[in-house]
There are 2 protein chains.
Amino acid sequence: MRKRGYPLSEQLMDALEERGYRDTAPRRTVARAIAEKERHFAAEELREQLPGIGRATVYRSLKILVEAGALCRVLLEDGNLHYQLSHRGHHHHLLCVECGASEDLMGCDIEDRLESVADAHNFQVSGHWLEVYGKCQTCRAELPASA
Amino acid sequence: MRKRGYPLSEQLMDALEERGYRDTAPRRTVARAIAEKERHFAAEELREQLPGIGRATVYRSLKILVEAGALCRVLLEDGNLHYQLSHRGHHHHLLCVECGASEDLMGCDIEDRLESVADAHNFQVSGHWLEVYGKCQTCRAELPASA
DNA sequence: TCATAAATGATACCTGGTATCTGAAGACGA
DNA sequence: TCGTCTTCAGATACCAGGTATCATTTATGA
């Protein structure tokens with residue numbers, strides 16, 4: 001849950017401290033860089049942006065932030081794995097293939113539908129992965145060719 | 001579409017020939033190995049099973065079989081990519097996390113639901129990726145603990 | 001302040017996959 | 001059946017993204 005009134009990077013650090021992780025300078029640097037991201041990003045992209053921070057540290061930080069629910073993984077259409085700031089709790093993404101924007105899809109009824117379809121196969125659902133690709137509102141307006 | 005009455009490996013070869021690929025001994029070997037698979041499998045697993053076939057050949061064969069629609073990719077819960085024989089056409093998988101079985105989900109109405117949810121966000125859907133994880137009928141019967 | 005556990009960064013390694021290149025094999029017309 | 005042309009195969013080098021290892025540094029709490 002992103003809260004207003006204090007910096008996003010602090011919220012990331014808080015999420016780590018809640019889970020017993022220490023407050024260190026490299027982690028703050030990573031958190032600040034992530035907090036400035038407006039889009040989903042690749043791990044390697046983040047690393048290149050932080051030449052002073054070790055590779056392992058960047059990857060470790062991403063991993064624990066995902067565990068803490070502050071970041072989530074995004075699977076791109078080309079199979080690459082990206083990260084983005086997360087509303088905690090289960091949700092999906094509408095990913096724009098034009099501009100890379102991503103919109104969160106929360107509290108939709110796709111889960112219910114899945115459950116009932118799976119039920120019909122006597123299958124007990126424990127999890128799922130869903131990413132939706134397409135064109136966002138802005139890009140539809142800019143490129144109305146196939147709208 | 002898998003047809004009855006002639007070997008699956010022949011159907012795989014046919015799918016390749018339809019697309020202009022040649023009928024070669026290594027490809028037949030790969031096709032036969034794939035045809036015997038009852039589960040989704042990793043590329044590397046297939047390769048180890050075929051020590052006489054070059055690494056590149058195995059990967060190339062998988063690639064063109066996917067392009068030809070005879071195989072499809074499966075994203076496992078742990079993020080690994082596997083392959084499995086495909087009913088041609090768009091479908092999803094119910095993947096059992098206990099035994100690895102996978103059931104195809106065709107002609108369900110999840111797409112429609114996606115469309116309408118996306119519509120509400122002024123988002124034009126062009127594609128999606130969906131995998132469903134859980135427990136299949138057989139495993140539910142064997143391990144009724146959390147059924 | 002100090003002891004201790006945790007974190008860091010350098011680096012080696014691993015996994016899964018692709019690119020390159022040379023020789024071999026299939027396709028096909030004469 | 002032969003010759004030619006194209007595709008294919010296999011070896012191997014390479015690459016990307018990520019993890020393991022380990023000596024050193026740092027945060028933390030008594």
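Just so we're on the same page: letters track the sequence lines, and every chain starts at 1. Just so it is clear, the model here is predicted, and its values are computed rather than measured.
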Specify the separation, in whole Å, of atom [atom1] of [X] and atom [atom2] of [N].
X	N	atom1	atom2	answer
N80(B)	dG18(D)	CG	P	13 Å
K63(B)	dG16(C)	NZ	P	18 Å
R47(B)	dG16(C)	CZ	C1'	10 Å
R19(B)	dT7(D)	CZ	C1'	17 Å
D78(B)	dG18(D)	CG	C1'	14 Å
L16(B)	dT7(D)	CG	C1'	14 Å
H82(A)	dA16(D)	NE2	P	14 Å
L65(A)	dG18(D)	CG	P	15 Å

**Message:** Looking at every non-hydrogen atom in both residues, tell me the closest pair between S61(B) and R27(B) and how far apart they are.
**Reply:**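 That would be OG-CG, 4.1 Å.
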**Request:** Report which part of the nucleic acid D23(A) touches: base, sugar-phosphate, or nothing (heavy-atom distance under 4.0 Å, all strands).
**Result:**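 Answer is sugar-phosphate: D23(A) comes under 4.0 Å of backbone atoms only.
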**Prompt:** Any side-chain N or O of Y59(A) less than 4.0 Å from the OP1 or OP2 oxygen of dG18(D)?
**Reply:**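 Result: yes.
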**ILVMFWY network linking Y21(B) to L85(B), side-chain heavy atoms under 4.5 angstrom** =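 Same hydrophobic cluster.
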**Asked** In the hydrophobic clustering that connects Ile, Leu, Val, Met, Phe, Trp and Tyr at side-chain heavy-atom distances below 4.5 Å, which members other than I110(B) occupy its cluster, ordered by chain and number?
**Response**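 Via sub-4.5 Å side-chain contacts, I110(B) links to L94(A), L105(A), I110(A), L114(A), V117(A), F123(A), V125(A), L130(A), V132(A), L94(B), L105(B), L114(B), V117(B), F123(B), V125(B), L130(B), V132(B).
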**Asked** Would you find a donor on one side and an acceptor on the other, under 3.5 Å apart, between the side chain of E131(A) and the backbone of L75(A)?
**Response**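 Such a contact is found between E131(A) side chain and L75(A) backbone.
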**Contacts of K63(A) that satisfy side-chain hydrogen bond (donor to acceptor under 3.5 Å, both in side chains) - sequence neighbours left out** =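 None.
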**Request:** For nucleotides 4-15 of chain C, just jot down a letter per nucleotide in 5' to 3' order: B, S or -, based on protein non-hydrogen atoms under 4.0 Å.
**Result:** -BBSBBB-----
**With H82(B), the side-chain hydrogen bond (donor to acceptor under 3.5 Å, both in side chains) member among H93(B), H40(B), E45(B)** =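 Between H82(B) and the candidates, side-chain hydrogen bond (donor to acceptor under 3.5 Å, both in side chains) is satisfied uniquely by H40(B).
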